[in-house]
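For this chain, numbers begin at 1 and follow the sequence in order.
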Amino acid sequence: MPSTVLVGAQWGDEGKGKVTDLISGDYDFVVRYQGGNNAGHTVIHGDKKLALRLIPSGIMYDHITPVIGNGCVIDPRVLINEMKMLHGEGISTDKLVISCDAHLIMPYHIDLDGAAETRLGKHEIGTTKNGIGPAYKDKAARTGIRVQDLLDEHIFREKLETALSYTNLVLGKVYGMKTYTVDEICEEYLPFADVIRPHMAETAQLLNTALAQGKNILFEGAQGTLLDIDHGTYPFVTSSACCAGGACTGSGVGPKAISKVLGISKAYITRVGSGPFPTELKEETGDLLRDVGGEYGVVTGRKRRCGWFDAVIARYAADVNSLTDMALTKLDVLSAVDTIKVCVGYEADGKRYDYFPMQHSALYPKHVKPIYEELPGWKGQDITGCRTFESLPANAQSYVKYLEERVGVPMSIIAVGPDRDQTIFRGWSSR
Ligand code: GDP
Ligand code: IMO
Ligand code: MG
């Protein structure tokens, strides 16, 4: 059955929220398969701008069942606040389904996230400090606490005791921070069961049953390819499998169920947090892209680092995700610049790289020199009203075709503004 994975093809914030919202009409389920409230997905709902962190962007539609899959980490406090925020906007969360196998972010995960960043000092990752890394660390160490554990106080207490017997040593003895008692966490967390219980399900079964009935699933990725724990610019990554493959492990649906993989990419590129960024523009063009593109974190308000489109990264993303299509967002922002550059390769320590380099040290400023090709822009021409490819200025059309050729994937959706209707469909089909 036709299911689609929608995945960030850069370092996150590519416009996944907008595109999920745009195409979700064709799907019965929208599933988040990894990450947690480190994500910030912007969806424009009527005249309101919503920032979704944990709940899938399909929540706005009556025909969609939104699912938080087993691959996610859930801070119940954030979840409940987000549900309240949606209720305040008149959006029901009754249909939200939450995997019983997803892991919980505990208060100590947030403390440990902050403490680890402080310890790293100038080598900090620049995390969102939401406890994401420590929660996945506990999952891998098999000391995590899952959503289903909330259903049984005895099990919850026992697992918490095990987790705290180690974590309190780290908090107290390594970091000199506040430790936790089982009772205080139980007091805060066990009541969350009342809110979460009606939404809890064995989501692998739910989704596979739906597939057998001919239903369509859209998997909504968070973060992006280069923040993937395996395929990203490690260690400056998040702690989950953001790439398309993660949709399977993070939901319990096998790879044969997936027929389309839609990579989302800005017409330039941004990154928030630390780590290598070959095409970063540290001068005024970078500031211009940030100002015109509104490149500030949805959740943290942090300045996003901006740079030229990197075709090496885009090709890599096409490979590791098996992209069938791309959505190119924020093309309108490039109306602010004269000439546009595209990185087509890297030069590092006398070697040329046309593919993502084996040794990531080649990506760092000390070594890397991006090889650019220059394309003429369409400065000053407002393209936010364009609704067909042909109505775009000739140079904007050429830019898109050039990228398409370089990346080798059809750019079947082009976004020319944040609103739903500010979009050009160019052959996208969910089938
Ligand atoms: P996500 O995390 O991938 O969902 O992306 P974010 O929501 O963090 O960041 C994307 C930002 O760009 C949001 O503010 C969107 O409203 C905005 N946006 C999305 N597409 C376009 C576009 O084509 N043009 C412009 N100007 N803004 C866009
Ligand atoms: P969306 O889904 C951009 C970055 C952080 C940091 C690194 C690790 O909106 O695209 P973490 O808190 O996950 O341990 O931080 O990953 N990061 C994101 N950057 N968009 C996101 O999500 C991000 N989620 C995490 O800035 O560099
Ligand atoms: Mg975002």
For atom OH of Tyr234, decide whether the heavy atoms of other residues, nucleotides or ligands shown that lie under 6.0 angstrom number more than 12.
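Counting other residues, nucleotides and ligands, OH of Tyr234 stays at 12 neighbours or fewer.
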Rounded to the nearest 0.5 Å, what's the gap from [atom1] on [X] to [atom2] on [Y]? Could you check?
| X | Y | atom1 | atom2 | value |
| --- | --- | --- | --- | --- |
| Ser251 | Ile258 | OG | CD1 | 7.0 Å |
| Ile59 | Ile64 | CD1 | CD1 | 9.5 Å |
| Arg32 | Ile74 | CZ | CD1 | 9.5 Å |
| Asp325 | Ser412 | CG | OG | 3.5 Å |
| His41 | Ile55 | NE2 | CD1 | 13.0 Å |
| Ile217 | Leu206 | CD1 | CG | 8.0 Å |

Test side-chain contact (heavy atoms from CB on, under 4.5 Å) on Val312 and Tyr353; report intermediate values, then the result.
CA-CA 9 Å; Val312 181; Tyr353 296 89; over 6 Å; no
Go through Trp428 and Val19 one step at a time and tell me if the side-chain contact (heavy atoms from CB on, under 4.5 Å) criterion holds.
CA-CA 12 Å; Trp428 164 255; Val19 181; over 6 Å; no
Is [X] reaching over with its side chain to a backbone N or O of [Y], donor-acceptor style, under 3.5 angstrom?
| X | Y | answer |
| --- | --- | --- |
| Thr4 | Val261 | no |
| Thr423 | Arg420 | yes |
| Asp113 | His109 | no |
| Gln381 | Leu392 | no |
| Lys95 | Asp62 | yes |
| Thr118 | Gly114 | yes |
| Lys139 | Ile145 | no |
| Arg271 | Ser274 | yes |
| Asp101 | Gln148 | no |

For [range], which residue pairs pass the salt bridge (charged side-chain N to carboxylate O under 4.0 Å, His left out) check, not counting sequence neighbours?
| range | value |
| --- | --- |
| residues 272-297 | Lys266-Glu295, Glu280-Arg305, Asp287-Arg290, Glu295-Arg304, Glu295-Lys330 |
| residues 216-236 | none |
| residues 173-195 | Arg77-Glu188, Arg157-Asp183, Lys178-Glu184, Asp194-Arg197 |
| residues 125-138 | none |

Take Ile196 and Val147 through the side-chain contact (heavy atoms from CB on, under 4.5 Å) test and state the conclusion after the steps.
CA-CA 8 Å; Ile196 295 178; Val147 168; 3.9 Å; yes
The test is side chain to side chain donor-acceptor pair (under 3.5 Å); show your working for Gln10 and Ser265 and say whether it passes.
CA-CA 6 Å; Gln10 297 172 325; Ser265 204; 2.9 Å; yes
Residues pairing under side chain to side chain donor-acceptor pair (under 3.5 Å) where one sits in residues 335-346, two or more places apart or in two chains, turn out to be Asp310-Tyr346, Ser335-Trp378
Only counting residues at least two apart or in another chain, list the ones meeting ring-ring contact (aromatic ring centres under 6.0 Å, His included) with His360.
Phe356
The criterion is ring-ring contact (aromatic ring centres under 6.0 Å, His included); which residues satisfy it with Phe277, sequence neighbours excluded?
Trp11
Criterion side chain to side chain contact (heavy atoms under 4.5 Å, CB included) against Leu171, the qualifying member of Val174, Leu169, Thr167:
Thr167
Close side-chain approach of [X] and [Y], heavy atoms under 4.5 Å:
| X | Y | result |
| --- | --- | --- |
| Phe425 | Leu22 | yes |
| Ile68 | Pro56 | yes |
| Asn395 | Leu375 | no |
| Val31 | Val97 | no |
| Ile424 | Ile413 | no |
| Leu363 | Thr233 | yes |
| Thr65 | Leu96 | no |
| Val272 | Tyr296 | no |

Just by distance, with hydrogens left out, do [X] and [Y] show a side-chain donor and acceptor under 3.5 Å apart?
| X | Y | result |
| --- | --- | --- |
| Asn130 | Thr128 | yes |
| Tyr316 | Thr225 | no |
| Asp13 | Thr270 | no |
| Ser3 | Asn216 | no |
| His87 | Thr93 | yes |
| Tyr108 | Asn168 | no |
| Asn38 | Thr238 | yes |

By salt bridge (charged side-chain N to carboxylate O under 4.0 Å, His left out) - contacts of [X] (at least two apart):
| X | value |
| --- | --- |
| Asp149 | Lys159 |
| Glu347 | none |
| Arg406 | Glu373 |

Just do the side-chain contact (heavy atoms from CB on, under 4.5 Å) check on Leu86 and Leu52 with the steps written out, would you?
CA-CA 9 Å; Leu86 289 166; Leu52 295 169; 4.0 Å; yes
Could you work out, with side chain to side chain contact (heavy atoms under 4.5 Å, CB included) as the rule, every residue matching Gln422, not counting sequence neighbours?
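Partners of Gln422 under the side chain to side chain contact (heavy atoms under 4.5 Å, CB included) test: Lys18, Thr384, Arg387, Val416, Pro418, Asp419.
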Test side chain to side chain donor-acceptor pair (under 3.5 Å) on Ser430 and Asp26 and set out the steps.
CA-CA 7 Å; Ser430 61; Asp26 286 347; 3.3 Å; yes
Which ring pair (Phe, Tyr, Trp, His ring centres under 6.0 Å) pairs, counting each pair once, include a residue from residues 166-195, with sequence neighbours left out?
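As it turns out, the ring pair (Phe, Tyr, Trp, His ring centres under 6.0 Å) pairs with a partner in residues 166-195, which skip direct neighbours, are Tyr189-Phe192.
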